[in-house]
Amino acid sequence: MPNRPRLFQRIRYSIFPGSLKAEKAREGYRRLFNSLILHFRPRTVPEETLRWTLTWGLGGMAVVLVCMLLGTGVLLKFVYQPFPDKAYESILYLQRDVLFGRLIRNIHHWSANALILAGFLHLLRVFFTGAFHAPRQFNWVIGVALFLGILLSNFTGYLLPWDQLAFWAITICTGMLEYIPGIGLRLQALIQGGTEVGPGTLSNFYAIHTAILPASLLILMPFHFWRIRKVGGLVIPRPPGQGSGGQGRTVPAIPNLLLREVVVALVLLALMLVFSMLFNAPLGSEANPGLSPNPTKAPWYFMGIQEMLLHFHPTFALFIIPVLMLIALFALPYIDYELNTAGVWFASIKGRRMALIAGLAALIGTPLAILADEYLIEVAARLPAIPGWITNGLVPIALILAAITSFYVFMQRKYTASNTEAVQMVFVLLLAAFLVLTVTGIWFRGEGMKLMWPWAIGTPG
Ligand code: HEM
Ligand code: HEM
C-alpha cells in the first residue's frame, strides 16, 4: 500500500497518536512550500545542466551576494549619514558603538568586491560555453547591463565612507569625465553636483547607490531569469565536435536544482561571514580635499583604464577605447557566426588552442608594450612639433590595431578557423591585455605612478 507508515512511525504513533496529525500538517506545509518555490523555479530542468562544471554556481553566487548587499545595505542606512561633515564620523560610530556594526560593514564591503569577481567569472563562463548564441542573445545584453550595474554600485559605494581613499579615488575618476568630447564638463558637473567632489557628489552618489541602482538591479535580475526560463533553461553542455542533441532527460527541480542552489548559497554565506570576521574593510583617515595622497589611484576595478591613461591620450584612454569595447561587448551575440557552439567549452579543440595562444601572446606582449612605452615612446611623445593626440593617440592605436589584425590573419590562416573561433581568440587577447594593465596599475605603480616592484615599498597599491 502506498504511503503506509513504516514500523518506526507506527510505534511512534502508538505512543503519541497526535503526531500522526503533525505529520500530515508537515506534509501540507511541504507542499505549500514546494508550490511557492515553483512560482520562481521551473518544475523540471534538463539533467545535464545540473553539472557543476557548466555553471560553477557563479550566477547563483551573484544572486546570493546581491541579496546580502541589499540586506546589509539597508542596515547600514540606519546609521550612515550622507553629509561630508558627518559621513566619516557615522562610519566610526558604526564600527565602534553599534552592535555588529563593523561586521555588517565588513560583509557589505567584501560582498561588493566578491560580486565583481563572481559577475566577471560568470560572464566568462557564459562567453566560453557559447551561451550567448541564439536564442540567448538578449540575455547576454541584460547580463552586460547587470555587470555595469554592479560596477556602478561599487563605484558609488566607494565614496560613501568619505575617507582619503574614497575622496581621491572618486576625484580621479570624475576628473576623467572631462575628456568626453562635447558633453564632458557638463556631465562631470551633473555627476559631481558641482565643480568638484563635495556635498553635492556625496548626496548624488548616496541616492544613486541606495535607490536607483538597487531598483535597477531588482528589475533587471527577474528579467534575466525570465529569459532563461523562456529558452527552456541553460545551455546543454556537450563535448567539442558533437552536435546539439536536444534537451535530453529532465528531472524535477525540487530537490535536484534546489538542493544545489541551497548548498552554494550556504557555503558562500559561511565563507563571506568568516572572511568578514577575519578581515576589516579598509578605512583611511578622514577625507582632506587639500591633501592628495601620492599615488592617487582609482578603485581597483578601474585601474586598467587608469593604466591606459598613462599610455594613451586621455580622449582615447578614457572615451574612445572604453566606449568601443562596451559597444563590442553588447554587440557580441549579434555577430553573424558560422558555428553555433552553445554548450561547448571554448567552441572546439581548435578554439581552445587558439584561445591559449592568444592569452599567452597578450600576457607576454602587454608587459613588453608597457615597458617600451615607458622608456621609448614617451621620449617621442615629448617631441614638441607633433600634437599629443597623434603621438599618444593615433600612432599607438594604429600600431596596436595593426598588431591585432596581423595576429588575427596569421592565426586564422594557420588554423583555418571559423569566425566563431576567431572572435573568441580576439576576446581572449583583449581580455588578457586588459587584465595585465589592471594588475600593473594595482601592484606595479608607485609614487608619481612610476613603475616599481610591489615588494619595493612593502604595501601593494
Ligand atoms: C548581478 C549579476 C548577475 C546575476 C545575478 C546573474 C544570474 C544568473 C543566473 C542565476 C543564471 C543561471 C545559472 C548560471 O548560469 O550560473 C544566469 C545565466 C545567464 N547569465 Fe547571468 N547573472 C548576472 C550577470 C550576467 C552577466 C554579466 C552576463 C554576461 C554578460 C550574464 C549572462 C547570462 C546568460 C547568457 C545566461 C544564460 C546561460 C545559459 O543559458 O547557459 N549574466 N545568470
Ligand atoms: C549591488 C549592490 C551593492 C553594492 C555592489 C554596494 C557596494 C558598496 C561599497 C563598495 C561600499 C563602500 C563600503 C566601504 O568600503 O565602506 C558601500 C557602502 C554603502 N552602501 Fe552599498 N552596495 C550595494 C547595495 C547597497 C544597498 C541596496 C544599500 C542600501 C539600500 C547600500 C547602502 C550602503 C551604505 C549606507 C554604505 C555606506 C557605509 C559604508 O561605507 O560602510 N548599498 N556599498
Side-chain angles (χ1 to χ4, degrees), residues 49 54-82 87-88 90-91 94-95 101-102 104-116 118-127 129-133 135-163 165-166 205-206 209-211 213-218 220-222 224-225 227-229 231-237 257 260-261 264 280-284 299 301 329-330 332-333 342-343:
T49 60
L54 173 67
T55 63
W56 303 94
L58 289 163
M61 289 186 203
V63 176
V64 175
L65 290 167
V66 170
C67 293
M68 283 166 75
L69 283 158
L70 293 173
T72 49
V74 170
L75 291 178
L76 289 172
K77 263 170 89 84
F78 280 96
V79 176
Y80 178 76
Q81 303 204 41
Y88 185 75
S90 70
I91 300 272
L94 172 85
Q95 298 196 149
R102 187 187 279 277
I104 299 287
R105 174 167 185 250
N106 289 352
I107 295 178
H108 198 77
H109 177 91
W110 296 121
S111 303
N113 285 280
L115 181 59
I116 300 186
F120 176 66
L121 293 176
H122 173 61
L123 182 151
L124 293 189
R125 104 85 184 137
V126 167
F127 178 78
T129 53
F132 57 87
H133 285 291
R136 297 181 173 79
Q137 292 117 316
F138 194 63
N139 215 15
W140 170 271
V141 174
I142 302 172
V144 176
L146 276 169
F147 194 61
L148 290 181
I150 297 175
L151 285 181
L152 286 179
S153 299
N154 266 282
F155 179 65
T156 48
Y158 206 95
L159 180 68
L160 302 185
W162 204 251
D163 59 349
L165 202 68
F205 274 41
Y206 182 65
H209 185 81
T210 59
L213 287 170
S216 314
L217 289 180
L218 284 176
L220 283 174
M221 275 169 44
H224 195 55
F225 307 147
R227 287 303 316 155
I228 301 175
R229 287 286 285 276
V231 298
L234 303 181
V235 280
I236 311 286
L257 175 61
R260 286 167 171 81
E261 289 176 337
V264 167
N280 284 331
L283 185 69
Y301 36 88
L329 205 58
F330 273 116
L332 200 119

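When a ligand or atom number is given, it counts from 1 through the structure's own listing order. Given the structure is predicted, the values throughout are model-derived calculations rather than measurements.
The distance criterion of under 3.5 Å between nitrogen or oxygen atoms is not met by N139 with respect to ligand 1. For ligand 2, the polar-atom distance check finds an N/O of R105 within less than 3.5 Å of one of the ligand's N/O atoms. For ligand 1, the polar-atom distance check finds an N/O of R136 within less than 3.5 Å of one of the ligand's N/O atoms. Checked by distance only, ligand 2 and H108 come closer than 3.5 Å through their nitrogen or oxygen atoms. Checked by distance only, ligand 2 and T210 stay at 3.5 Å or farther apart across all their nitrogen or oxygen atoms. For H109, a nitrogen or oxygen atom sits less than 3.5 Å from a nitrogen or oxygen atom of ligand 2, counting backbone and side chain alike. The shortest N/O to N/O separation between V235 and ligand 1 falls below 3.5 Å.
Considering only non-hydrogen protein atoms, atom 29 (C) of ligand 1 sits nearest to W140 CE3, 3.7 Å. With respect to atom 4 (C) of ligand 1, the closest heavy atom belonging to the protein is A62 CB, 3.8 Å. For atom 1 (C) of ligand 2, the nearest protein heavy atom (residue, atom name, distance) is L217 CD1, 3.4 Å. If you check which protein heavy atom lies closest to atom 3 (C) of ligand 1, you get L146 CD1, 3.8 Å. Counting protein heavy atoms only, atom 10 (C) of ligand 1 is closest to G59 C, 3.4 Å. Looking only at heavy atoms of the protein, atom 8 (C) of ligand 2 is closest to H209 CE1, 3.4 Å. With respect to atom 28 (C) of ligand 1, the closest heavy atom belonging to the protein is G143 CA, 3.4 Å. Remark: minimum distance from atom 41 (O) of ligand 1 to any protein heavy atom is reached at R125 NH2, 2.9 Å. From the protein, the heavy atom lying nearest to atom 24 (C) of ligand 1 is H122 CD2, 3.4 Å. Considering only non-hydrogen protein atoms, atom 32 (C) of ligand 1 sits nearest to H224 CE1, 3.5 Å.
Which of I91, V66, L160 comes nearest to atom 39 (C) of ligand 2 through a heavy atom is settled by distance: it is I91. Among N280, L65, L283, N154, the residue whose heavy atom lies nearest to atom 5 (C) of ligand 2 is N154. Comparing heavy-atom distances from atom 27 (C) of ligand 2 across L151, L152, L70, D163 singles out L70 as nearest. For atom 35 (C) of ligand 2, the choice among I104, L76, L165 with the nearest heavy atom turns out to be L76.
When each atom of ligand 1 is checked for a heavy atom of T55 under 4.0 Å away, the hits are 14 (C), 15 (O), 16 (O).
By the criterion of a heavy-atom distance under 4.0 Å, the side chain of F225, and not its backbone, is placed next to ligand 1. With a 4.0 Å heavy-atom cut-off, ligand 1 is reached by the side chain of I228 but not by its N, CA, C or O. Contact annotation: for V126 versus ligand 1, heavy atoms closer than 4.0 Å belong to the side chain alone. Only the side chain of I150 comes within 4.0 Å of ligand 1, counting heavy atoms alone; its backbone N, CA, C and O stay farther away. Proximity of L115 to ligand 2, defined as any heavy-atom pair under 4.0 Å, is confined to the side chain (atoms from C-beta onward). For S153, heavy-atom contacts with ligand 2 shorter than 4.0 Å involve the backbone as well as the side chain.
Counting all heavy atoms, side chain and backbone alike, R105 lies closest to L76 at CA-CD2, 4.1 Å.
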